[in-house]
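Data first, discussion second: the structure below is written as structure tokens.
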Amino acid sequence: MLYSRALIPTVKEAPADAANASHTLLVRGGYIRKVGAGMYDFLPLGLRALRKIESIVREEMNRAGAQEILMPALLPAEYFKETGRWDVYGDTLFRLKDRKGAEFHLGPTHEEIVTDIARREIKSWRDMPMNLYQVQSKYRDEPRPRGGLLRCREFLMKDAYSFDITEEAARASYETMRKAYCAVFDRMGLTYRMVAADPGAIGGSTSAEFQVLADSGEDAIVACDNCDYAANVEIATVKVGAPPDGGSAAEDEKKKVHTPKVGTIEDVSKFLNLPKDRFLKSLVYLANKEIVLAVVRGDHDLNEIRLARALGVDEVFMANDADVQKATGAAVGFAGPVGFKGKIVVDRAAAQVKNAATGANESDQHFTGVNMGRDWQGEVADIRLATTGDACPSCETGKLKTYRGIEAGHIFILGTRYSEKMGAQYSDEKQEKKPIVMGCYGIGVSRLVATAIEQNHDENGIKWPMAVAPYQVHLVTLGKEENVATEASRLYDDLRARGVDVLWDDRDERPGVKFKDADLLGMPLRITIGAKSLANGNIELKPRTEADPKKAELVPVADAARVIDERIKAALRA
RNA sequence: CGGGGCGUAGCGCAGCCUGGUAGCGCACCUGGUUCGGGACCAGGGAGUCGGAGGUUCAAAUCCUCUCGCCCCGACCA
């Protein structure tokens, strides 16, 4: 492509509304433009990057034996009503009505629709395993779209669905998809971790997220420094370990201590000169409108999702100040398990603390010498938030470390959750009707455009990995000398004949402008042809990852096309 | 939904407090000089000041309502 004819509207200044690197660089580089909150135009370069990623995903899905289909984005309400998600999805669903007043919505995900295909078309155990996928725009009325392409209301997603006869067979399909996902992210050159995750609104028994590591990521994950344990902090667990004092101390007498106006663990710890791990942190929660006291060790934080799981509810809400006062009879900061009227859930580590300090359910009063069993009772569960330094739950010596991640993919074993509700059954060898066992697998294709940039950029611009770069080569010509144009034209044609994607900056611009734009746009290889090096029969070759322009490699004109072609092929193999 | 902020030329912003000719930088157009890391000179075009209502002789500026957008949180495959 000739730059002079291309729509690549680069801008010097960052857009006022951009909060992260990928958003800023995509707009500055003329890749995308905002149409509304969470809605973007893909300009030519942006679309090329998107298509490259899409192709990689398609190739790996096809290689894994999945078959591409296309379902509508506009859907009648009846399917979501069948499974109850018409109500469960709530405000996230874009709902609309047709001219007759019939209800429709835009598809946020397609389990129901694909299950409808399955119940009509899959009849026998001989028809499975089967995996159907599509690459399609999805619509979700997100509470808060953000980060440019990272969280949009309309976004491109690859969603695949597997159909199997048994849970074991479904696990094999899941494993096939896991490998395909690794292949996709490996080919894109991303650094990522597969982590155990919460299935959320999709449901199902097993799920894993593919988290691309980036400081700007919305998700927190923990990973072991020794083994392959990794999990979203939402569901991460830790090894309990020994209690802080070794657990051998004798039980002290319980005492009430006056602690005027010191409600936080931090303050009370100083006030009583007692380490934080000897405190019981008591938090008042509402679960299905029932008041519950959650108790964790003073140096730990509560994991709300784990608390909800322990209680067997969908979600829990922290009680407001008024409810806390009503439940404990004390000001906020003085709640404790001793004498608490209501359900108490205590974390495993907190249950081990002997002679603990805790709020006395009385304003400005704490207890010390509190012992579970003797002074109070509670249901023990795993409800604390994992964090850096915690002991790994699945190996002997490992320590957990927290990372930020961007969720690029999520795979689930759904079981029969959808097939039972929608009557998707097959006949087995004995003519018995059984529900199809399903799995589903998503990749955020448009999100990956931004994700690749979050992981590959510097202060000057994008540094595209070869596999997703809109153009593999950015050819810069300097000056108006005739031989520069002649050699550039020859190289341009030669590279294109070899199937190389080349962007030729043939504009009548000063060198500085061209170099700045080349760095901003971020194509992996930059070729410079100017009178200076051409006088010795050379062109200049510099990878975008090399920051120092003086380190550009001189390549004889005659070898240039071959050398560049080889570099690209090597980069794609890596 | 809670908290905070912003809507003025294509983009980034000033002007608003204290009402009175709408401004700066970038981008764009014309001419000239320049040309290996975002050049310079001269000239020029371009704005319903988000929208509606109100106060006033007079509103970008004050008041009311409203729409949109961003950030933090809640929420979210």
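Here is how names work: the chains are called A, B, and so on, in the same order as the sequence lines, proteins then strands, and each is numbered from 1.
The residue A:Asp91 sits apart from the nucleic acid: no heavy atom pair falls under 4.0 Å. Residue A:Glu481 is classed as having no contact, given no heavy-atom separation below 4.0 Å to the nucleic acid. Residue contacts shown for A:Asp159 are absent, as no nucleic acid heavy atom lies under 4.0 Å away. Using a 4.0 Å heavy-atom distance criterion, A:Pro9 is classed as making no nucleic acid contact. Within the 4.0 angstrom heavy-atom criterion, no nucleotide atom of any strand lies near A:Tyr441. Among the heavy atoms of the strands lying under 4.0 Å from A:Lys480 is at least one base atom, whether or not backbone atoms are also near. Within the nucleic acid shown, A:Gly442 has no heavy atom closer than 4.0 Å to any nucleic acid atom. Note on A:Arg447: nothing from the nucleic acid sits closer than 4.0 angstrom, heavy atoms only. No contact: A:Thr477 has no heavy atom under 4.0 Å from any strand. Within 4.0 Å of A:Ala18, counting heavy atoms only, lies no atom of the nucleic acid at all.
For A:Arg526 and B:rG37, a side-chain-to-base donor-acceptor distance below 3.5 Å is present, hydrogens and geometry of angles not being considered. With hydrogens and angles ignored, a donor-acceptor pair under 3.5 angstrom links the side chain of A:Glu13 to the base of B:rG25.
In the set B:rC71, B:rC69, B:rC35, B:rC71 carries the atom at the smallest distance from any side-chain atom of A:Ala19. For A:Arg153, the listed nucleotide lying nearest its side chain is B:rC69; candidates were B:rC69, B:rC76, B:rA74. Of the candidate nucleotides B:rG37, B:rG73, B:rC70, B:rC70 has the atom nearest to the side chain of A:Asp17. Listed nucleotides B:rC69, B:rC35, B:rA74 differ in distance to A:Arg510; the shortest reach to its side chain belongs to B:rC35. Proximity note for A:Lys34 (side chain, C-beta onward) versus B:rG36, B:rC71, B:rC70: the nearest is B:rC70.
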Output, in order, the C-alpha distance, side-chain angles, deciding distance and verdict of salt bridge (charged side-chain N to carboxylate O under 4.0 Å, His left out) for A:Lys480 and A:Asp508. CA-CA 9 Å; A:Lys480 297 189 173 63; A:Asp508 181 17; 3.2 Å; yes

ring-ring contact (aromatic ring centres under 6.0 Å, His included) between A:Phe210 and A:Phe185: does it pass, once the steps are laid out? CA-CA 9 Å; A:Phe210 286 80; A:Phe185 300 125; 5.4 Å; yes

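Taking atom CG of residue A:Asn460 and atom P of nucleotide B:rG37, one finds them 14 Å apart after rounding to whole Å. Atom pair A:Glu142:CD and B:rG73:P shows a separation of 15 Å (rounding to whole Å applied).
If you look at A:Phe104 and A:Trp86, their ring centroids are not closer than 6.0 Å.
A salt bridge between A:Lys542 and A:Glu553 is absent, with no side-chain N of the basic residue lying under 4.0 Å from a carboxylate O of the acidic one.
Listed by chain and residue number, nothing satisfies the ring-ring contact (aromatic ring centres under 6.0 Å, His included) test with A:Tyr133 (two or more places apart in sequence, or in another chain).
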